[in-house]
Amino acid sequence: VTTGVTLTDSAYIENNGLLELTDGAKIVYSSLFSTPTGVLNYGTIRKTDSTGIGQIGGSETVPFFQNLGGRIEVLEGELLISCTHFLQAGIYETAPGTKLNFFGGFEQFLEGELIGNQQGTLEYNSTQIIPSPEATLNFGGTGVTFSSADLRNDGILTIAENTILRMLSGSTMRENTRLINLGEITEMETIAIFDSSTFENHGTVNLDQAVRISWGGGLRPQVLNYGTFYKSSSTLPQFSCWVPFTNASGGILNIAEGKIRIGAGQTLFLNEQGAILRGKGSFHSPQLPDYFDNGITTPGPGTATLTFDDLYAPLETAELQLEIGGTDSGTYDALNVAKFANLNGTMRLSLINGFIPAAGDSFTVITAGFGVQDSFSNVILPSGVYATTIYRSNDVVVKVDSVGMVGIGDDQRLAVQTFELHQNYPNPFNPSTMIRYDLREAATVELDIFDIQGRKIKTLFSGASAPGSHQFVWDGRND
């Protein structure tokens, strides 16, 4: 086809062989007739010649293009599909420098798997995507772009493992839709999520170009992260999420540079047990009671300071992991909290870069602008290091009391040779005291408090415990 074909009044093309569009040829639909016309493809539709834009569709009627296991090849130039599009299964291939563009506000019904070696560009531009529960975009190469694309109607769209996706401003998710990313989202701008829809990530999402994920309206939508969200630039806009965000077990929220903000109001942030929040940028959480941290928080990579622009409030199962590589600021990990540090859970310290502290060394591991509240229930020290955790009004300091034999390199020698339960310190105390024990090897431990008559009044810890020195704080209260 070198010029154009106009379909009118129930006419349609059924392709079982090769249909080649050259010189900007178009298959269009007349707006003079109201009965559907269209193209059925079981074979191959090929766009060649870069001198013009090939097109299928383009009218005010209800035209359709059905790809029923066929193949679309854009070898040169651009192919525009501007009509209602039904996909049951098919292969879509774009050569380098070419574009396949679904455009014009028409509905795109995805019922099967789009497979392709994507070296050019596949765009869903100002169109409605209506996936079935089995719809999958499975493209290698440069991938797929959603530009003002609108996901609708209760469907599930999966981005396959080898697929790269760009989500540009104006894209939306509506009506209980579910977008599952197993691949890589390299660019994400402002998108809106509506009506109980879910954005579920098992791959990677680059937030360097992102502006926000906004709450479009309706019932509560959500973001679930089982993979990695990462921000690695401080020169580009902060990323803001104004819908409930769950960093699920195994998920990583990595703020290498810049700032990630989880909004307030009806927005929740849940860092589940086994999930990781790490980085040396800034994290802004919602206020209590909309902030739940049961996971792992750790600065890095390398020794770094992770900033909390609002509060830091770990729960009982949460763990703060800090690395110590020296005594100077910047050679050990720390948290900088703008407001309150409401402490709970475990703080675990480890030595790196061959550093061995000396008695009297101190490390300010947390600073809090509005104050430190409560204390960690468990502090795990490196083997051979004996230290006191000091909770002051606006900071937390770890001060080394003594150092025994510390593991060095591959010939690690444990200072802890036997099990030992140390005397609590201080004693007497008001309002709290620290209890420390040493383990030569991993064991199941129960740490209980008994009154003078032998009655158990408090269980401080019960569970598996790693080798090394452990310390717990008791606030004097019974169970």
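For clarity, every value in this text was computed on a predicted model and none was experimentally measured.
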Applying side-chain hydrogen bond (donor to acceptor under 3.5 Å, both in side chains) to Asn15 and not counting sequence neighbours gives Asn41

Check Phe355 against Leu351 and note the closest heavy-atom contact, atom names and distance. O-CD1, 3.5 Å

If we ignore hydrogens and angles and just use 3.5 Å, is the side chain of Thr444 paired with the main-chain N or O of Ala464 as donor and acceptor? no

Any chance you could measure Arg46, atom CZ, to Leu79, atom CG, to the nearest 0.5 Å? 13.0 Å

Note, Leu253 side chain near Phe269 side chain (heavy atom, < 4.5 Å): yes

Heavy-atom pair of closest approach, residues Leu322 and Ala334: CD2-N, 4.4 Å

Taking all atoms of both residues into account, what is the closest heavy-atom pair of Leu7 and Gly38, and its distance? CD1-O, 3.4 Å

For Leu335 and Thr305, which heavy atoms make the closest approach, and how far apart are they? C-CG2, 4.4 Å

Under the side chain to side chain contact (heavy atoms under 4.5 Å, CB included) rule, collect the residues that match up with Ser249, sequence neighbours excluded. Glu272

Partners passing ring-ring contact (aromatic ring centres under 6.0 Å, His included) against Tyr230 (at least two apart in sequence or in another chain): none

Please examine the side chains of Gln238 and Ser240, heavy atoms only from C-beta on, and report whether any two atoms are closer than 4.5 Å. yes

Calculate, to the nearest 0.5 Å, the distance between atoms CG and CG belonging to Asn206 and Asn254 respectively. 11.0 Å

Val398 vs Ile324 side-chain heavy atoms within contact, under 4.5 Å: no

Tell me the side chain to side chain donor-acceptor pair (under 3.5 Å) pairs involving residues 322-338, sequence neighbours left out? Asn336-Thr367

Side chain to side chain donor-acceptor pair (under 3.5 Å) contacts touching residues 176-189 (sequence neighbours left out): Asp154-Asn176, Arg166-Glu187, Ser169-Glu189, Thr177-Ser197, Arg178-Glu200, Asn181-Asn201

Residue list, side-chain hydrogen bond (donor to acceptor under 3.5 Å, both in side chains) with Gln373, at least two apart or on another chain: none

Could you go through His85 and Thr127, starting from their C-alpha distance and side-chain angles, then the distance that decides it, and tell me whether this counts as side-chain contact (heavy atoms from CB on, under 4.5 Å)? CA-CA 10 Å; His85 171 224; Thr127 191; over 6 Å; no

Chi angles and distances behind the side-chain contact (heavy atoms from CB on, under 4.5 Å) call for Asp23, Thr3: CA-CA 7 Å; Asp23 301 319; Thr3 54; over 6 Å; no

For the OH atom on Tyr12, are there more than 12 heavy atoms of other groups (residues, nucleotides or ligands in this structure) within a distance under 6.0 Å? no

Once rounded to the nearest 0.5 Å, what's the spacing between atom CZ of Phe64 and atom SG of Cys83? 9.0 Å

Under the side chain to side chain contact (heavy atoms under 4.5 Å, CB included) test, residues paired with Thr98 that sit two or more places apart: Val74, Thr94, Ala95

Would you confirm whether Lys47, through its side chain, and Asp49, through its main-chain N or O, come within 3.5 Å as a donor-acceptor pair? yes

How close do Ser148 and Ser171 get, counting heavy atoms only, and between which atoms? N-OG, 3.5 Å

I need the single residue from Asn342, Thr317, Asn271 that forms a side-chain hydrogen bond (donor to acceptor under 3.5 Å, both in side chains) with Asp293. Which is it? Asn271

Do side-chain atoms of Asn225 reach the backbone of Ile252 as a donor and acceptor pair under 3.5 angstrom? yes

Just how far is it from atom CG of Leu21 to atom CG of Leu75, taken to the nearest 0.5 Å? 11.0 Å

Please name the residue in the list Thr307, Leu306, Asp310 that meets the side-chain contact (heavy atoms from CB on, under 4.5 Å) test with Ser282. Thr307

Counterpart residues, side chain to side chain contact (heavy atoms under 4.5 Å, CB included), relative to Glu316 (two or more places apart): Asn344

Partners meeting ring-ring contact (aromatic ring centres under 6.0 Å, His included) with Tyr291 (sequence neighbours left out): none

Could you state the interatomic distance from NZ (Lys26) to CD (Gln55), rounded to the nearest 0.5 Å? 5.5 Å

Return the set of residues passing side chain to side chain contact (heavy atoms under 4.5 Å, CB included) with Glu257 (not counting sequence neighbours), or none when no residue passes. Ser234, Lys280

Heavy-atom side-chain contact between Ile260 and Phe229 under 4.5 Å: no

Verify side-chain contact (heavy atoms from CB on, under 4.5 Å) between Ile262 and Cys241, making sure each step is shown before the conclusion. CA-CA 5 Å; Ile262 308 296; Cys241 182; 3.9 Å; yes

Spatial distance of atom OG (Ser50) from atom CD (Glu78) [nearest 0.5 Å]: 12.0 Å

Parallel, tilted or perpendicular for Phe283 and Phe308, by the 30°/60° rule? perpendicular

May I ask you to check whether Asp150 and Thr172 show a side-chain donor-acceptor distance below 3.5 Å? yes

Partners of Lys259 by side-chain hydrogen bond (donor to acceptor under 3.5 Å, both in side chains), sequence neighbours excluded? Asp309

Could you check Ser232 against Asp208 for side-chain hydrogen bond (donor to acceptor under 3.5 Å, both in side chains), going step by step and ending with a plain yes or no? CA-CA 6 Å; Ser232 58; Asp208 284 348; 2.6 Å; yes

Dump the intermediate steps for side-chain hydrogen bond (donor to acceptor under 3.5 Å, both in side chains) on Thr48 and Glu20, then the final yes or no. CA-CA 7 Å; Thr48 60; Glu20 185 172 337; 2.9 Å; yes

If you define the side chain from C-beta out and look only at heavy atoms, does anything of Ile180 sit under 4.5 Å from Leu182? yes

I'd like to know whether Leu277 forms a side-chain contact (heavy atoms from CB on, under 4.5 Å) with Ile255, so could you lay out the CA-CA distance, the side-chain angles of the two residues, the decisive distance to 0.1 Å, and finally the verdict. CA-CA 8 Å; Leu277 171 62; Ile255 319 171; 4.0 Å; yes

Are any side-chain N or O atoms of Asn394 and backbone N or O atoms of Gly369, one a donor and one an acceptor, separated by less than 3.5 Å? yes

Restricting to pairs with a member in residues 182-214, which pass ring-ring contact (aromatic ring centres under 6.0 Å, His included), not counting sequence neighbours? His202-Tyr226

State, to 0.1 Å, how close Ala304 and Pro299 come at their nearest heavy-atom pair, and which atoms those are. O-CB, 3.3 Å

Within-4.5 Å side-chain heavy-atom neighbours: Val337 and Val372: no

